[in-house]
Amino acid sequence: MQSFLSVNDADNIPQLIDLARSIKKNPLQKNLGGHLTLGLIFMNPSLRTRLSTQKAGHNLGMNVMVMNFSGEGWALETEDGVVMNGDKPEHIKEAAAVIGQYCDIIGIRSFATLSDRQKDYDEFVLKKFVQYAGVPVINMESATVHPLQSLTDLITIEEYKTRPRPKVVLTWAPHPKALPQAVANSFAQWVQKTDYEFVITHPKGYELAPEFAGKATIEYDQAAAFEGADFIYAKNWSSYTDYGKVLHQDLNWMVTEEKMKRTRNAFFMHCLPVRRNMIVDDAVLDSDRSIVIQEAGNRVYAAQAVLHSIIQSTL
Amino acid sequence: MQSFLSVNDADNIPQLIDLARSIKKNPLQKNLGGHLTLGLIFMNPSLRTRLSTQKAGHNLGMNVMVMNFSGEGWALETEDGVVMNGDKPEHIKEAAAVIGQYCDIIGIRSFATLSDRQKDYDEFVLKKFVQYAGVPVINMESATVHPLQSLTDLITIEEYKTRPRPKVVLTWAPHPKALPQAVANSFAQWVQKTDYEFVITHPKGYELAPEFAGKATIEYDQAAAFEGADFIYAKNWSSYTDYGKVLHQDLNWMVTEEKMKRTRNAFFMHCLPVRRNMIVDDAVLDSDRSIVIQEAGNRVYAAQAVLHSIIQSTL
Amino acid sequence: MQSFLSVNDADNIPQLIDLARSIKKNPLQKNLGGHLTLGLIFMNPSLRTRLSTQKAGHNLGMNVMVMNFSGEGWALETEDGVVMNGDKPEHIKEAAAVIGQYCDIIGIRSFATLSDRQKDYDEFVLKKFVQYAGVPVINMESATVHPLQSLTDLITIEEYKTRPRPKVVLTWAPHPKALPQAVANSFAQWVQKTDYEFVITHPKGYELAPEFAGKATIEYDQAAAFEGADFIYAKNWSSYTDYGKVLHQDLNWMVTEEKMKRTRNAFFMHCLPVRRNMIVDDAVLDSDRSIVIQEAGNRVYAAQAVLHSIIQSTL
C-alpha cells in the first residue's frame with residue numbers, strides 16, 4: 001500500500017481485515033516503526049480519529065506528532081495562481097511539502113466545504129496535499145470519504161455477524177446541522193466490495209452521489225428496509241443534490257426501539273459522535289445490541305493495519 | 001488503587017507520600033508502563049497538571065495522549081434523556097466509553113460550573129465519566145476537589161516541616177474572578193488525614209462546605225490564625241453559601257511580608273497560578289520562604305505515585 | 001552550549017554546521033536524550049518550528065512536551081510589581097520556573113509586540129523567561145531574532161553553494177501585514193559571521209537596526225543588488241524606524257522570474273510561510289532553483305545540533 005486515500009488503495013480487503021483482527025490480538029509491534037515519524041494533521045476537530053490513529057502509531061513504536069492547523073497554525077491557501085494578500089499566509093503546496101520533510105507518513109483530516117460540490121467531489125484539498133507531500137498519506141476523513149471508518153465498520157461487522165451474508169442497512173437519520181456525506185459514501189463503497197446484502201434507506205432528496213450509491217438497493221420506506229436486517233448503520237448526511245443543505249430534520253427517521261423490532265435482532269452501529277434522541281433513541285443506544293463503542297475501539301486496529309501495510313510495502 | 005478520584009481512594013496516605021518521595025529520587029521507571037496508554041483529557045486550561053502528569057506518564061514509559069475538548073474536540077452533553085439538537089454533538093456516555101477503549105488510565109480535568117451547587121457537589125460530570133470510562137480514572141481537578149494537588153501539598157509539607165506536628169494555616173485571599181472551592185476543599189480534607197495542627201481562616205461568607213471543613217479550627221481573624229504557623233497555604237475561592245459568588249475582593253486579606261512576621265518563619269505555599277499583589281505580595285513570593293516552585297515540581301511525583309499505584313494494583 | 005538564545009551562544013559556527021550535517025546523515029541518536037525532557041512552549045502559532053524541533057527531540061530519544069499558552073493555558077504577566085487583577089492570571093516568573101521543574105531543556109516562541117520597540121529590542125520577555133527557567137533555553141523565535149532559522153539557513157547555503165565565497169542577498173519583499181524583523185535581523189547577524197559576500201536590499205524606511213545590519217552592504221536598488229547573486233533570501237519585515245509599521249506594500253519589490261535573471265542562477269530561499277505572488281511569484285517558487293522546502297527540512301538538523309550541543313555540554 002502506497003497511501004490510503006480511499007477504498008481503491010486497499011488491494012485486498014479481506015486480507016486487510018484479517019491483518020487488523022490479528023493486530024487486535026497482539027497490538028504491540030514497537031519494532032516495526034521505531035525509526036519512523038507519523039504526522040497527524042487536523043484541519044477540523046476530532047476525537048476518535050485523533051486518539052485511535054495516535055495510538056496505532058504508538059503501538060507501532062512510531063514517533064507521533066499531532067498538529068491542529070486551526071489554533072496551532074493557520075489557514076492554508078489551496079487555489080493556484082492567486083495573489084496571497086488575504087488571511088491565508090501559507091499555500092498548501094509548501095505546507096504539505098514541509099510536513100513531508102518531517103514525517104514518513106502523514107494522516108490528514110480536511111472536511112467538505114459543503115458549499116462547492118465540484119471541489120469537494122474532486123477531493124481538491126486532499127489531492128493537492130498528496131501531490132505535494134512526497135510521502136504516503138492516510139485519509140483521516142476528507143470531503144467525500146472516511147476510509148479508516150469504513151474499514152473499521154467492516155472489521156466490526158465481520159466480528160459480530162452471525163451468518164455468512166448478513167443484511168446490512170445504511171439508514172439516514174435526522175440531525176440539526178448540515179453534515180458531509182463522507183461516512184455514508186465511504187460505507188456504501190466499502191460494503192459493496194463485500195458480498196453482504198446491502199440496502200440504503202433515506203428520505204427523497206438525500207440520494208448519495210451515484211458513484212458511491214453504486215448498485216445498492218435504495219429503499220425510501222425505512223420500515224421496509226429494516227425488515228430482517230442484521231446490522232443497522234445509522235448516519236445523517238446533508239443533501240448531495242441540493243448540495244450541503246438540510247432539507248428537513250424529520251424525527252420520524254430516528255432509529256427507535258420500536259423500529260429495531262422489525263430487524264433480525266440487529267446490531268446498531270454509528271461512527272460517533274451521535275446525537276441521542278435525534279439519530280437514535282436512548283433505548284437502542286443503551287441496549288446490548290448497540291456496538292458503537294466496540295466499533296470505535298476497532299478504529300485503532302484499522303489504523304494500525306493501514307500503517308502496518310504502508311510500512312511493510314514502502315518504508 | 002482502582003482510580004484516584006479523591007482522598008478516599010488513598011488507603012494509606014503516609015505510604016503514598018513515601019512512594020512519591022522515593023520516586024523523586026529515582027523517577028525513571030520506564031519498564032513499568034511501557035505497554036500502557038495514558039489519556040489526559042482537558043475540559044479546561046491547565047499548565048502544571050498538563051505537564052506534570054504527562055511527565056509522570058513518560059517517566060513510567062507510558063504512551064501519553066493529551067486531548068483538549070475545547071479546541072480539538074467539542075462540548076459534551078451530560079444530561080440524560082435529552083433530545084440532542086443543540087450545540088453539544090456528543091454525550092459523555094459515548095465519549096468516556098470511547099476514550100476508555102483507547103486508554104488504560106484516563107486523567108480528566110473538568111471544573112465546577114459555579115452555578116449549580118448541587119450538581120457540582122454531587123460531582124455529576126466526574127461520576128458520569130467514571131461510570132462509562134470502564135478503566136481507572138485520575139481526577140486532575142474536578143468540581144469540588146483536586147487530590148493530585150493535595151497529595152503534592154502533603155509531600156511538600158513533609159519535606160519542609162521542621163517539627164513533627166507543624167501548624168498549617170489555609171488562608172483565603174482576594175482574587176478578581178470567581179474561582180472554585182476545589183483546591184481549598186481538597187487541602188482541608190487531606191490535611192485532616194494527618195496529625196498537623198490545622199486552621200482555616202477566611203472572611204465571613206466564605207465558609208467551606210461542612211463535609212470539607214470537617215473539624216478544622218475556623219478563625220475569622222487572619223492575624224490570629226497566622227500566629228506561630230509553620231506553613232501558610234493561600235488560596236482564593238468563591239462563596240459556597242452564596243454559591244459561586246465573589247462577595248468582595250478585600251485586599252486586607254492579601255498575604256504580606258508584614259503578616260508573615262507573626263508566623264514561626266513559615267513557608268509560603270500556593271497551588272499556582274497565583275496573582276501577585278492580590279493573593280500575596282511580591283516580597284513574600286520572592287522570598288526564600290516561598291516554596292511554590294518546589295511545590296509545583298512535586299506535582300510530577302504525586303502523579304507518578306498515583307499512576308504507579310494504579311498500575312501495580314490493577315494492570 | 002548553555003542555552004541557545006542568539007548567535008552569541010554559538011561559539012563555533014562552522015563546527016555547529018558540521019555537526020548538523022553529520023546528524024542529517026544519521027539522525028537517530030535515541031540514547032543521547034532518553035532520560036531527558038524537552039518542553040516546547042508556544043505563545044504564537046508555528047508549523048515548521050513546532051514539528052522540526054519536536055522531531056529533533058524525538059530523534060534524540062527525548063520526551064517532548066508541547067504546550068500552547070493560548071488555548072491550552074493563559075496569558076502571562078511580564079511586568080514586575082503590578083497588582084495582577086486583570087486578565088493575566090500568572091506571572092512569567094512562576095510559569096518559567098515551574099516549566100523548568102518539569103523540563104531539562106525548554107524551547108520558547110514569543111513574538112515581538114511590534115508596538116514597544118525598546119521592550120522588543122531588550123528581548124524583555126525572552127530574558128525574563130531565561131532568568132527564571134533555571135534550565136537551558138532554546139529561542140524558537142523571539143522579538144528580534146530567530147537563530148534556529150538562521151543556523152538552518154547557513155547549513156542550507158553550505159549545502160548548495162558552488163563557490164567558496166557566494167554572494168548572498170537578503171531582499172525585503174512586500175506583505176499585507178506587519179511582520180517582525182526577527183528573521184531578517186538574525187539572518188544578517190549570522191551571515192556576517194561567515195565570509196560570504198553579503199548585501200541587504202530594501203526600500204528606504206525599512207533599514208534594520210544598526211546592531212543587526214552591521215557592516216552589510218545596503219543597496220536600495222534591488223536590481224543592482226541581485227547582480228551576480230548566488231542566493232536570494234527574501235523576507236518581509238515591518239519598519240524598525242517607524243516601529244512596527246507597514247510603510248507600503250510595493251509589489252515592485254516582489255521577487256520575480258525576470259529579476260532572478262540578473263543573478264548567477266541563484267537559489268531562492270525563504271523561511272516560510274511565504275505569500276505567493278506577494279513575496280515571490282509562482283514561477284520562482286515552483287522552479288528548481290527554489291530550495292525553500294529543503295531549507296525547511298534542515299530545520300530538524302539545526303535544532304538537533306543545538307539540542308545535541310546543550311546535552312553534551314550541560315546535562
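FYI, side chains are in, hydrogens and waters are out, and symmetry mates aren't considered; it's all heavy atoms of this structure. Naming convention: chains lettered A, B, ... in sequence-line order (proteins, then strands); numbering from 1 in each chain.
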Rounded distance (nearest 0.5 Å) linking atom CG of Asp286(B) with atom NZ of Lys93(C) | 3.5 Å
Which portion of Met67(C) sits near chain B, non-hydrogen atoms under 4.5 angstrom = side chain
Under 4.5 Å from any heavy atom of chain C - which part of Pro176(B) | side chain
To the nearest 0.5 Å, how far apart are CD1 in Ile293(B) and OH in Tyr132(C)?
-> 11.0 Å
Heavy atoms only: give me the nearest Pro273(B)-Pro89(C) pair and the separation to one decimal.
-> CB-O, 3.5 Å
Does atom CD of Gln131(C) have more than 12 heavy-atom neighbours from other groups under 6.0 Å away?
-> yes
For the atom pair CG (Asn59(B)) and NE2 (His35(C)), what is the distance rounded to the nearest 0.5 Å?
-> 12.0 Å
Distance from Ile41(C) atom CD1 to Leu51(B) atom CG, nearest 0.5 Å?
-> 6.0 Å
Residues two or more places apart in sequence or in another chain: which of them pass side chain to side chain contact (heavy atoms under 4.5 Å, CB included) with Thr256(B)?
-> Met254(B), Glu258(B), Lys259(B), Asp281(B)
Identify which part of Leu47(B) has an atom lying under 4.5 Å from any heavy atom of chain C, answering side chain, backbone, both or neither.
-> both
Which heavy atom in Gly73(C) sits nearest to a heavy atom in Pro45(B), and how many Å separate them?
-> O-CB, 3.7 Å
Compare all side-chain heavy atoms of Arg276(B) with those of Glu94(C) and state whether any distance is below 4.5 angstrom.
-> yes
Applying a criterion of heavy atom separation less than 4.5 Å, what residues of residues 79-86 of chain C form contacts with chain B?
-> Gly81(C), Val82(C), Val83(C), Met84(C), Asn85(C), Gly86(C)
Glu72(C)/Arg50(B) ion pair, N-O < 4.0 Å = yes
Student check: side-chain heavy atoms of Thr37(C) and His58(B) closer than 4.5 Å | no
Atom group of Lys30(B) that falls short of 4.5 Å from chain C, counting heavy atoms | side chain
Among Val64(B), Asn44(B), Leu28(B), Val274(B), the residue with the most heavy-atom pairs under 4.5 Å to chain C is Val274(B)
Check whether Leu251(B) gets within reach of chain C through its side chain, its backbone, both or neither, counting any heavy atom under 4.5 Å.
-> neither
Is there a donor-acceptor contact under 3.5 Å from the side chain of Tyr102(C) to the main chain of Ala296(B)?
-> yes
